[in-house]
Amino acid sequence: MTSENPRLRFAPSPTGALHIGGARTALYNWLEAHHEGGALVLRIEDTDRERSTAENVEQILDALRWLELDWDEGPISQASRAERHAAALKQLRASGAAFRDAAAGKDVEAWKAGHGAGRGYRGTPTEEAGAAVRLRVPDEGATVVVDLIRGPISFPNASYDDFVIARGDDTVLYNFAVAIDDAEMGITDVVRGDDHLSNTPKQLLVLAALGHEPPRYAHLPLLHGPDGKKLSKRHGAASVQELRDAGYLPAAVRNYLALLGWGTDDDTTLMSTAELVRRFRVTDVGKAAAIFDEKKLRWLNGRFMREMPLEEYIAAVAAHLDRDPADPALRAACEIVQEKAQTLEEVWPLIGFLFEPPVADEVAWRKVMKPDSGPMLAAAADALASVEPFDPEAIEAALAPVLDRFEVKAGKLYQPIRVAITGGSVSPGIFESISALGREKTLERVAAAVERLAAAATDE
RNA sequence: GCCGCUAUCGUCUAGGGGACUAGGACGCUGGCUUCUCAUGCCAGAAACCGGGGUUCGAAUCCCCGUAGCGGUACCA
């Protein structure tokens, strides 16, 4: 980008929640703006009065905030610029570039049936009130979109209809409003989804009719679901809030999304946001559509989870579990679980036993508890009863003699202890778990297991 | 139908005429580490959509085909 003060915009339409495709578009705009030291404007494209809702706007802003993608101006409601749109409409009607046309959809179809399929509809001006306003499109020549990612793309003017720019009541349509807003808001670079590529000539035509210089355009390839189709609600975690609820970290999502359609030449995969800003260039974005793959996001998220400073980790876990980050028990739990979980959502199943009574996993019990487990557990309890201090190192040292006495491998003793204190066969390190649980609860739970084992033995 | 875009391992990608025996990452398989589960480390399988050109030489350039996708609304 060569401009002195680049201005970019992210312009979502509030007709639904922010999808990961939209999130990626927002991220790319944000990265490009930051890389170039430009400004990012947030504009809400709410000219669709039927489908735009305040709830959706809130949800989009919420998603952007969660992703920590901030903006310099806005949010600006496109609908609030209606006066500017009306002025532009008046100007074009006065110059003859736009005109009222009473034709309805089926009239256009009929016209095309008589003029050949590849021929764009050409309207007939009328003074009839309530007729839509169309922009006159030339039959000759072509409109060229110089795309930052794909290079120049030529569209024959003859293939475009005299398209509707305003409804019968003079409220404007998207392709008209967006061109005016981009121009009047001083937008220098439009970075948006591929689905807008075919509409760009229309916007260029509007700009030309109004005498405005067009911005630069970069059309991003679309994101597809696992089935290769356009992303929708059916394809797994499609919205940003679903990603959040699934326990992903914003930084990991940003890293992953950046990599969807863009890569580094030295194969660097794991990047901080600062590094993304430093290395990202919209001109380096690939041309082919990418498929959202949650497996890689999970891996990336796991890396971020493990490499986070403990304080940050505690804050993230506490926020996700809606618990007090100052709670010493939670802090201790975080410390022993950080290496284990790939998502925030996986944390609780691993540390829940520290806060609530263990839920016995009967499959694990049967698999782990053998006839000789009772005496071993009793011996372990004895050893644990006097350990001082009650920390992982001392606990390990205290348990070692039990291993020797029964002449068993570590797992023969540790797994029964694990099942006794956590209820299941999966948990953080056994010494850390015992220490975090505390002497009293550990002894209680081990005793309960010994009792159950003894009862089972007499039954036979 | 018409207009347009795209095409490298299952997935994300590197590659820009010779350095390609096509590299990396996720996932997968096997092994090592190990108190469980993860992690970590090592190894392995796995791709240039098809056909024509251009060229001494094509994954790279051109054309055609095929497939996928987008647009074609008084939606955005």
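So you know, we letter chains A, B, ... as the sequences are listed, proteins then strands, and number each from 1. Just so you know, these numbers come straight off a predicted model, no measurement behind them.
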Note to self: If you assign each of G263(A) and P428(A) to its closest nucleotide in RNA chain B, which residue comes earlier from the 5' end?
What the structure shows: G263(A)
Notebook entry, point to check: Do R298(A) and E294(A) sit within salt-bridge range, that is, some charged N less than 4.0 Å from a carboxylate O?
Noted result: no
Check: In whole Å, what separates the P atom of A43(B) from that of A25(B)?
Finding: 10 Å
Next item on the list: Considering only atom P, compute the distance from G68(B) to A73(B) and round it to an integer number of Å.
Entry: 23 Å
Next item on the list: Could you please name the partner base of A22(B), counting Watson-Crick and G-U wobble pairs only when both distances are under 3.5 Å?
Entry: none
Checklist line | Whole angstrom value for the distance that separates C1' of U39(B) from CD of E432(A) | finding: 14 Å
Notebook entry, point to check: Between the side chains of E242(A) and S239(A), does any donor sit under 3.5 Å from an acceptor?
Noted result: yes
Item checked: Nearest-angstrom distance, C1' atom, C41(B) to A58(B) -> 39 Å
Next item on the list: Rounded to whole angstrom, note down the P distance from U11(B) over to A47(B).
Entry: 12 Å
Next item on the list: Counting Watson-Crick and G-U wobble pairs only, both distances under 3.5 Å, name the nucleotide matched with C32(B), or none.
Entry: G40(B)
Notebook entry, point to check: When you check the glycosidic angle of G68(B), does it come out syn, meaning within 90° of 0, or anti?
Noted result: anti
Check: Say you pick atom C1' in G16(B) and the same atom in U8(B); how far apart are they, in whole Å?
Finding: 14 Å
Notebook entry, point to check: Are any side-chain N or O atoms of N301(A) and backbone N or O atoms of Q342(A), one a donor and one an acceptor, separated by less than 3.5 Å?
Noted result: yes
Next item on the list: Searching all strands shown, indicate the nucleotide that pairs with A73(B) (Watson-Crick or G-U wobble; both distances under 3.5 Å).
Entry: none
Margin query: When both hydrogen-bonding distances must be under 3.5 Å and the geometry is Watson-Crick or G-U wobble, what is U54(B) paired with, if anything?
Written below: none
Margin query: Say we look at C48(B) and G27(B): how far apart would their P atoms be, to the nearest angstrom?
Written below: 24 Å
Notebook entry, point to check: Quick one: side chain to side chain donor-acceptor pair (under 3.5 Å) pairs with a partner in residues 117-133 of chain A, sequence neighbours left out?
Noted result: D101(A)-Y121(A), R119(A)-D139(A), R122(A)-D139(A), R122(A)-D162(A)
Next item on the list: Output the residues of residues 336-352 of chain A in contact with RNA chain B, where contact means a heavy atom of the residue under 4.0 Å from an atom of the strand; sort by number or write none.
Entry: E339(A), K340(A)
Notebook entry, point to check: Counting side-chain heavy atoms from CB outward, which of A25(B), U72(B), A76(B) is closest to T269(A)?
Noted result: A25(B)
Next item on the list: Could you let me know what C48(B) is paired to, Watson-Crick or G-U wobble, both distances under 3.5 Å, or none if it's on its own?
Entry: none
Checklist line | Residues R278(A), E275(A): salt bridge by 4.0 Å N-O rule | finding: yes
Next item on the list: Have a look at V347(A) and tell me which of M305(A), H320(A), K340(A) forms a side chain to side chain contact (heavy atoms under 4.5 Å, CB included) with it.
Entry: M305(A)
Note to self: So, using side chain to side chain donor-acceptor pair (under 3.5 Å) as the criterion, who are the partners of E362(A) when residues are at least two apart?
What the structure shows: R452(A)
Checklist line | Partner nucleotide, any strand, of A59(B) [Watson-Crick/G-U, under 3.5 Å] | finding: none
Notebook entry, point to check: Which whole number of Å gives the distance between the C1' atom of U54(B) and that of C62(B)?
Noted result: 7 Å
Next item on the list: Have a look at A410(A) and say if it touches a base, only the backbone sugar-phosphate, or nothing, with a 4.0 Å heavy-atom cut-off.
Entry: sugar-phosphate
Item checked: Listed nucleotide nearest any side-chain atom of W299(A), set C69(B), G27(B), C35(B) -> G27(B)
Check: Does A76(B) have OP1 or OP2 sitting under 4.0 Å from an N or O in the side chain of T47(A)?
Finding: yes
Next item on the list: May I ask which nucleotide in the shown strands pairs with G17(B), Watson-Crick or G-U wobble, both distances under 3.5 Å?
Entry: none
Check: H219(A) near the nucleic acid: base, sugar-phosphate alone, or nothing, with a heavy-atom cut-off under 4.0 Å?
Finding: nothing
Next item on the list: May I have the distance from Y121(A) (atom OH) to A73(B) (atom C1'), rounded to whole angstrom?
Entry: 14 Å
Notebook entry, point to check: For M376(A) and C35(B), what is the distance between atoms CE and C1' respectively, to the nearest whole Å?
Noted result: 13 Å
Checklist line | For atom CG of D265(A) and atom P of G16(B), their distance in whole Å | finding: 11 Å
Checklist line | Distance between P atoms of C56(B) and G71(B) (Å, rounded) | finding: 45 Å
Next item on the list: Provide the full list of side chain to side chain donor-acceptor pair (under 3.5 Å) pairs with a residue in residues 144-158 of chain A, sequence neighbours left out, each pair given once.
Entry: T143(A)-N157(A), D147(A)-H219(A), R150(A)-D194(A)
Notebook entry, point to check: For Y160(A), what residues pass the ring-ring contact (aromatic ring centres under 6.0 Å, His included) criterion, not counting sequence neighbours?
Noted result: none
Check: Which letter, B, S or -, goes with each nucleotide of nucleotides 1-12 of chain B from 5' to 3', with contact meaning a protein heavy atom under 4.0 Å?
Finding: SSSSSSS---SB
Margin query: Under the rule for salt bridge (Lys or Arg N to Asp or Glu O under 4.0 Å), what residues qualify as partners of D265(A), not counting sequence neighbours?
Written below: none
Notebook entry, point to check: In whole Å, what is the span from the CG atom of L300(A) to the C1' atom of G24(B)?
Noted result: 14 Å
Next item on the list: Can you sort out the partners of W262(A) under ring-ring contact (aromatic ring centres under 6.0 Å, His included), two or more places apart, ordered by chain and number?
Entry: F280(A)
Check: Could a donor-acceptor pair under 3.5 angstrom be found where the side chain of D195(A) meets the base of A76(B)?
Finding: no
Notebook entry, point to check: On RNA chain B, nearest-nucleotide positions of K202(A) versus L297(A): which is more 5'?
Noted result: L297(A)
Next item on the list: Examine the side chains of R418(A) and T422(A) and answer whether a donor and an acceptor come within less than 3.5 Å of each other.
Entry: no
Check: Looking across every strand, which nucleic acid part, if any, lies under 4.0 Å from R306(A) by heavy atom: base, sugar-phosphate, or nothing?
Finding: sugar-phosphate
Next item on the list: May I have the distance from E109(A) (atom CD) to C74(B) (atom P), rounded to whole angstrom?
Entry: 11 Å
Item checked: Residues that R84(A) engages under salt bridge (Lys or Arg N to Asp or Glu O under 4.0 Å), provided they are two or more places apart -> E184(A)
Under 3.5 Å donor-acceptor pairs involving side-chain atoms of residues 364-377 of chain A, not counting sequence neighbours:
{"residue": "K370(A)", "atom": "NZ", "partner": "K367(A)", "partner atom": "O", "Å": "3.1"}
{"residue": "S373(A)", "atom": "OG", "partner": "K370(A)", "partner atom": "N", "Å": "2.7"}
{"residue": "S373(A)", "atom": "OG", "partner": "K370(A)", "partner atom": "O", "Å": "3.1"}

Expected rows: protein N/O vs nucleotides 45-50 of chain B N/O, under 3.5 Å:
none

Next item on the list: Measure the distance from OH on Y174(A) to P on U72(B) and round it to the nearest whole Å.
Entry: 11 Å
Checklist line | Donor/acceptor link under 3.5 angstrom from D267(A) side chain onto base of G23(B) | finding: yes
Notebook entry, point to check: Taking only N and O in the side chain of R303(A), is any of them less than 4.0 Å away from OP1 or OP2 of U39(B)?
Noted result: no
Notebook entry, point to check: Rounded to whole angstroms, how far apart are NE2 on H115(A) and P on U72(B)?
Noted result: 22 Å
Notebook entry, point to check: Which base sits across from G68(B) as a Watson-Crick or G-U pair, both distances under 3.5 Å?
Noted result: C5(B)
Next item on the list: Only pairs at least two apart or in different chains count here, so list each side chain to side chain donor-acceptor pair (under 3.5 Å) that has a residue in residues 173-182 of chain A.
Entry: R9(A)-D182(A), R43(A)-D182(A), Q78(A)-D181(A), R81(A)-D181(A), H85(A)-D181(A), Y174(A)-H196(A)
